[in-house]
Each structure stands twice: as structure tokens, then as C-alpha cells.
Amino acid sequence: MALALKPRSGPIGVKIEYSIPEENIEAFLGCMRARRHVQSRAGARNWALQRNLQMPSVWIETFRTPTWMDFLRLNLRLTAADKEVVEHLQALHDGKLPPQTVLSIERTTDAARTRPIEVISRPLR
């Protein structure tokens, strides 16, 4: 990673881009139904599948994990059957390179929050 992440860094956004030929779309969607279940069970949140309107062969899977450690655990929780789903998706992918994954850390644009220091003065006894 180009950034030094801590286990509690996050949330982490994940985007995986697939190139799926028209003849593989039904098989891909069936596989993605299983993939959604796998990812949700392993800790992924806000899972979504999108199709690119300008390039219809491009499909994008997105999800979030609360922290960097949650993302790492998600990948360790995959069973042999879960890994078969991943392998099937890669077989349906039509590209010179494997499906491309982009990881992002979400940041707010709100002003930095700092707690005001409150000084309480009490009379001496």
C-alpha cells in the first residue's frame, strides 16, 4: 500500500472491475448472486453490482468494510466453496489481465474536529 494503514483505518472502499462478454452475462449474474452472499457473510457492507453505461461489457462490484483489519479478515474467511465462486468469476472475465481491484480509504471533507479544552475553576476550601 502507498499509505501506512493502521488496523483501525477506514472505512475501506473496494471496487472490482470485470469485463464480461454478452454470452457470459447470465452465468456471471448467477455467480454474482453467490458472491454477494459470500461477501456479506464475510463482513462486506453496502455491496453493489453496477454495469457501465458507456461500455456494457464492464461490470463493477463495490463494497465497504469498516476498517483495514476487517478488509484483511474478509479475505481470510473465504471457504473452499467461496474460492470456487471467485475462480468461476475469473473464468467468466474476458481480459488480458485479471479483474482489476481498487482499494480506497474514505475521508470526510468536514472540518477537523477538536475538543475545546474546558477549564473549570473551583473555589479553594
Side-chain angles (χ1 to χ4, degrees):
M1 295 290 118
L3 296 175
L5 297 176
K6 297 177 180 157
R8 303 284 306 153
S9 295
I12 303 298
V14 181
K15 178 176 100 169
I16 305 168
E17 195 170 289
Y18 303 88
S19 178
I20 306 298
E22 195 68 32
E23 64 271 13
N24 290 348
I25 288 178
E26 287 306 313
F28 174 75
L29 292 174
C31 212
M32 274 300 181
R33 279 189 285 280
R35 171 80 168 172
R36 179 180 187 169
H37 177 72
V38 165
Q39 295 295 73
S40 296
R41 183 176 34 87
R45 303 288 176 257
N46 304 101
W47 188 95
L49 180 63
Q50 303 158 358
R51 189 174 192 183
N52 187 311
L53 291 174
Q54 284 86 20
M55 298 183 331
S57 66
V58 175
W59 293 78
I60 302 161
E61 174 189 10
T62 60
F63 60 90
R64 296 174 60 199
T65 60
T67 67
W68 177 241
M69 186 57 70
D70 291 319
F71 172 76
L72 296 175
R73 278 192 208 119
L74 179 133
N75 293 303
L76 294 174
R77 291 181 181 144
L78 297 179
T79 66
D82 298 343
K83 290 176 184 174
E84 285 180 18
V85 171
V86 172
E87 290 170 5
H88 191 215
L89 283 170
Q90 290 176 344
L92 294 171
H93 173 73
D94 182 33
K96 294 177 182 170
L97 298 173
Q100 297 300 297
T101 301
V102 176
L103 300 175
S104 306
I105 188 164
E106 294 180 15
R107 289 289 179 236
T108 180
T109 56
D110 295 341
R113 293 183 214 164
T114 59
R115 289 187 193 170
I117 299 173
E118 189 173 323
V119 178
I120 299 175
S121 174
R122 295 186 182 165
L124 295 174
R125 292 186 187 195

Return the [atom1] to [atom2] distance between [X] and [Y], rounded to the nearest 0.5 Å.
| X | Y | atom1 | atom2 | value |
| --- | --- | --- | --- | --- |
| I105 | L3 | CD1 | CG | 7.0 Å |
| N24 | D94 | CG | CG | 8.0 Å |
| L29 | R35 | CG | CZ | 14.5 Å |
| S9 | W68 | OG | CH2 | 9.5 Å |
| R77 | L72 | CZ | CG | 10.5 Å |

Going through the checks in order, is the side-chain contact (heavy atoms from CB on, under 4.5 Å) test met by T101 and V14?
CA-CA 7 Å; T101 301; V14 181; 4.1 Å; yes

Min side-chain heavy-atom separation [X]-[Y] under 4.5 Å:
| X | Y | value |
| --- | --- | --- |
| I60 | I16 | no |
| E17 | V58 | yes |
| L49 | Y18 | no |
| N52 | W59 | no |

Under-4.0 Å salt bridge between R51 and E22 = yes

Determine, for E61 against R36, whether the closest basic-nitrogen to carboxylate-oxygen distance falls under 4.0 angstrom.
-> no

Check [X] against [Y] and note the closest heavy-atom contact, atom names and distance.
| X | Y | answer |
| --- | --- | --- |
| H93 | S19 | ND1-N, 3.0 Å |
| C31 | H88 | SG-ND1, 3.3 Å |
| Q100 | L97 | NE2-CB, 3.6 Å |
| R64 | P11 | NH2-CG, 3.0 Å |
| A34 | V85 | CB-CG2, 4.1 Å |
| D82 | R41 | OD1-NH2, 2.8 Å |

### Query
Yes or no on side-chain contact (heavy atoms from CB on, under 4.5 Å) for R45 and T65, after CA distance, side-chain angles and deciding distance?
CA-CA 6 Å; R45 303 288 176 257; T65 60; over 6 Å; no

Given side-chain contact (heavy atoms from CB on, under 4.5 Å), test F28 with I20 step by step and report yes or no. CA-CA 8 Å; F28 174 75; I20 306 298; 3.5 Å; yes

Test of understanding: clusters of I, L, V, M, F, W, Y form through side-chain heavy atoms closer than 4.5 Å, transitively. Do L92 and V86 belong to the same one? no

- Message: If hydrophobic clusters are built by linking Ile, Leu, Val, Met, Phe, Trp and Tyr wherever their side-chain heavy atoms come under 4.5 Å apart, do L78 and I12 end up in the same one?
- Response: no

Show, in sequence, the C-alpha distance, side-chain angles and deciding distance for M32 and L89, and conclude whether the side-chain contact (heavy atoms from CB on, under 4.5 Å) test is met.
CA-CA 8 Å; M32 274 300 181; L89 283 170; 4.1 Å; yes

